[in-house]
Amino acid sequence: MTRVALVQHGDVAVILSDNPPVNALSTDVRVGLVQALSQAIADPTTKAIVIACNGKTFFAGADITEFGKPRQPPILQDVIGHIEMAPKPVIAAIHGTALGGGLEVALGAHFRVAVPTAQIGLPEIKLGIFPGGGGTQRLPRLIGPIEALKLILSGDRMPADKALAVGILDQVEEGDPVQIGIAFAHKILAEGRRAIPLSERDDKIASVRADSSVFEVEAAAQLKRRPGQEAPAACVESVRLSFTVSIDEALARDRVRSQALVAGDQSRALRHVFFAERAAAKLPEFAGAVAPRAVRNVAIVGAGTMGGGIAMCFTAAGIPVTLIDATEQGLSAGLERVRNNYATSAKRGSITQSEAGKRLGLISGSTDRDAAVGADVIVEAVFESMELKREIFADLTRKTQAGTILATNTSALDIDDIAAATDRPEDVIGMHFFSPANVMRLLEVVRGAKSGWQAIATAMEVGKVIGKIPVLSGNCDGFIGNRMVAKRSAQVDRLLLEGAMPRDIDSAIKGFGFAMGPLETNDMSGLDIGWSIRKRRGTPFAIADAICARGWFGQKTGQGYYRYEKGDRTPRPNPDADSLILEISEKNHVNRRTIDRAELIERMVFPLINEGARILAEGIALRAGDVDVVWINGYGFPAWRGGPMFYADLVGLKTVVDRLDHFATQTGNADLRPAALLRALANKGASFAEWDKDRLLAQ
Ligand code: COA
């Protein structure tokens with residue numbers, strides 16, 4: 001199929017790619033680019049060449065679906081080499097996002113122009129690889145190795161104005177990208193400007209070549225922040241080649257390293273996450289049969305930390321919010337908190353002052369629930385009291401019209417019990433945001449037994465609109481994420497009882513790749529929360545309950561598992577908690593033993609997998625990939641390990657089953673016995689990935 005057209009505009013040839021949805025550089029496109037380029041070079045009437053794309057974006061990168069499969073020629077490095085060596089000026093005309101291989105193509109061109117809304121970036125690191133199409137060699141030659149390294153290691157997108165300022169783009173102009181490209185071509189032809197390939201420039205790398213100490217300091221500091229990951233080190237090594245060896249040698253070495261990384265577990269894991277996040281937001285069961293309700297305005301009941309954070313999510317997408325609280329005092333405190341958050345963001349530079357003002361202007365406050373009337377979606381975010389929530393939902397049902405979506409942000413209560421307080425259970429849905437709501441990307445959309453498709457579709461769609469990653473969950477205690485956490489917490493408490501100390505637990509899991517350990521996290525969020533949930537469930541924990549009984553609730557009381565200095569959140573050893581742990585072990589006649597890191601990790605991660613399997617078997621999560629998305633975006637599971645279910649596939653389900661059986665026997669804890677689905681898949685030699693595929697086919 002021809003994906004690339006060659007269109008003549010007088011003496012300028014325009015090479016136009018058309019490969020929806022994002023103009024990924026698939027084999028067809030690479031073949032087409034080379035053919036069109038050869039034709040344009042051979043045509044004596046053509047004086048300059050513009051490369052541009054149809055549709056919503058310039059090339060958004062290599063085709064990720066081709067990764068891990070045998071490479072089809074021409075490889076991207078060669079296509080770009082061909083562009084760069086063209087004897088006529090080549091101009092890349094960019095709109096949308098020039099990412100990864102897309103930016104590398106543009107760097108192969110001799111000039112780059114863009115529209116103001118365009119963004120550029122090299123996000124390869126987020127897929128566990130490095131820009132192997134020559135980006136690590138050409139970008140340093142354009143902006144210097146240190147600036148190039150920063151952009152490559154961040155993986156972040158850069159807006160057109162900034163890219164112009166740092167010298168990646170030559171011109172930014174409003175209008176049609178093709179026309180801008182043609183006009184630019186005429187300009188350089190008229191000026192007689194020489195087209196110098198980046199690979200032949202070394203003015204920007206000369207100083208680092210002479211003295212690379214600043215580069216090395218920057219590289220070391222960046223790598224220290226990313227322990228355990230392969231791609232960052234590969235990025236550094238590759239950029240280093242730009243000033244230590246010839247470009248031909250660097251490209252040859254890049255080819256080898258790039259192949260090895262693509263085939264590695266970390267890149268496979270990150271590609272899995274990329275596709276799982278996109279799949280999670282889709283509802284295969286009814287495939288768009290019911291349209292979501294258009295959300296033009298939202299009301300939030302409860303102006304606490306959560307309510308305010310949720311309000312900020314909607315205003316960031318330009319959706320007006322009415323924030324409602326029962327008391328004047330609660331409302332003004334809530335609005336003040338939001339105002340302060342915006343002020344901090346503006347001070348940090350993450351949004352502009354005027355954007356902060358605009359967003360704040362979209363929030364109005366009220367102490368009267370009648371103010372929610374007319375909202376398309378109402379999110380209840382009051383504290384976790386079933387009685388209060390039922391009263392609010394009953395009241396809202398009376399006040400609002402059928403079809404108004406009534407969402408609860410509960411993280412612990414039964415959606416069906418809440419829905420039963422209304423006569424419109426089809427309009428009731430859970431929208432479980434994670435704290436801080438304006439930062440965390442996960443949104444669990446919790447479907448009650450009677451939630452209607454419109455409510456489900458609206459919650460999923462509006463979740464996407466406000467930049468969240470929505471994942472559909474069935475209704476059960478804890479939904480997907482917290483239900484799994486409960487299983488890990490039970491093991492953490494037992495590990496403390498059996499012989500581990502808080503720092504052993506936290507450092508083991510951080511060594512695995514989590515940013516924070518479970519006990520540091522609990523200290524931060526407040527130990528009383530889990531205590532009250534355990535009392536409600538009737539599931540006591542020997543150690544955690546004893547700590548709470550002393551009134552040690554974590555950071556807010558100055559001590560929990562760790563000790564905290566006033567105004568400092570750094571966890572320090574807490575000898576009082578340590579002795580209490582020893583005391584409780586003794587009281588329970590436990591012979592404490594040394595538990596090594598590998599066992600600590602297995603005891604904390606394998607129960608997650610086990611509960612994940614139960615959640616899948618019960619249909620609480622639609623796909624194993626959804627469970628991974630929840631854990632990566634809501635609970636700090638390292639993305640480069642792919643999430644608990646992908647990790648299970650990697651370890652092998654048979655190993656997971658054997659170890660769980662072993663732990664169940666060793667500890668006498670029947671809850672550690674492998675779930676039926678996990679055991680069945682392991683017995684068949686199957687994986688969760690295969691389970692997902694089978695389910696998809698069955699739909
Ligand atoms: N290769 C193959 N497929 C890709 C792709 C790529 N590089 N980039 C996006 N897609 C697919 C997505 O999987 C999705 O497919 P689906 O509709 O079947 O789910 C579709 O294109 C749209 O992508 P989506 O991310 O949902 O659209 P968006 O408008 O929100 O974002 C981008 C567009 C380009 C910003 C975003 O897709 C992106 O960041 N892509 C990856 C860029 C990248 O990493 N490039 C470097 C590759 S080495």
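Numbering of ligands and ligand atoms starts at 1, following listing order.
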| request: Check whether any N or O atom of Lys282, backbone or side chain, sits under 3.5 Å from an N or O atom of ligand 1, and answer yes or no. | output: yes
**Polar contact flag for Thr65 and ligand 1 (N/O pairs, less than 3.5 Å)** = no
min-distance protein heavy atom vs atom 9 (C) of ligand 1 -> Val22 CG2, 3.5 Å
Query raised in the report: With a cut-off of under 6.0 Å to the ring centre and 45° to the axis, is Arg623 in cation-pi contact with Trp691?
Result: no
N/O separation below 3.5 Å, Ile64 to ligand 1: yes
of all protein heavy atoms, closest to atom 11 (C) of ligand 1 is Pro21 CG, 4.4 Å
Backbone N/O of Cys235 and side chain of Ser238: donor-acceptor pair under 3.5 Å: no
Honestly, for Leu127 the part within reach of ligand 1 (heavy atoms, under 4.0 Å) is side chain
Notebook entry, point to check: Is there side-chain contact between Val239 and Ile152, with at least one heavy-atom pair below 4.5 Å?
Noted result: yes
Filtering Gly61, Ala62, Ser26, Ala60 for the heavy atom nearest atom 6 (C) of ligand 1 leaves Ala62
| With side chains defined as the heavy atoms from C-beta onward, is the minimum distance between Leu241 and Asp254 less than 4.5 Å? | yes
The protein heavy atom nearest to atom 39 (O) of ligand 1 is Leu99 CD1, 3.9 Å
Per-atom contact, atom 29 (O) of ligand 1, protein heavy atoms, under 4.0 angstrom
yes
For a quick check under 3.5 Å, do Arg30 and Ser26 share a side-chain donor-acceptor pair by atom type? no
Under 4.0 Å from one or more heavy atoms of Phe274, ligand 1 contributes atoms 8 (N), 9 (C), 13 (O), 40 (N), 41 (C)
Donor + acceptor pair across side chains of Gln35, Gln39 (<3.5 Å):
no
Review point. Can you tell me if Arg226 and Gln222 form a side-chain donor-acceptor pair at under 3.5 Å?
Key: yes
Near Phe275 (heavy-atom distance under 4.0 Å), the atoms of ligand 1 are 13 (O)
- Query: Do protein heavy atoms approach atom 32 (C) of ligand 1 to less than 4.0 Å?
  - Reply: no
Quick look: Arg157 vs ligand 1, heavy-atom contacts under 4.0 Å, and the answer is side chain
Note: ligand 1 atoms sitting under 4.0 Å from heavy atoms of Asp63 are 1 (N), 2 (C)
| Would you say the ring centroid of Phe274 lies under 6.0 angstrom from that of Phe67? | no
- [ ] Give the ring-plane orientation class for Phe434 versus His432, where under 30° counts as parallel, over 60° as perpendicular and anything between as tilted.
- [x] tilted
Residue set satisfying side chain to side chain contact (heavy atoms under 4.5 Å, CB included) with Ala686, at least two apart, ordered chain then number -> Leu681, Lys684, Glu690
Here the atoms of ligand 1 under 4.0 Å from any heavy atom belonging to Ala24 are 1 (N)
query = Looking just at side-chain N and O atoms, do Thr65 and Asp63 make a donor-acceptor pair shorter than 3.5 Å?
reply = yes
min-distance protein heavy atom vs atom 25 (O) of ligand 1 -> Arg278 NE, 2.7 Å
_Taking distance alone, with N or O pairs closer than 3.5 Å, would you say Lys56 contacts ligand 1?_
yes
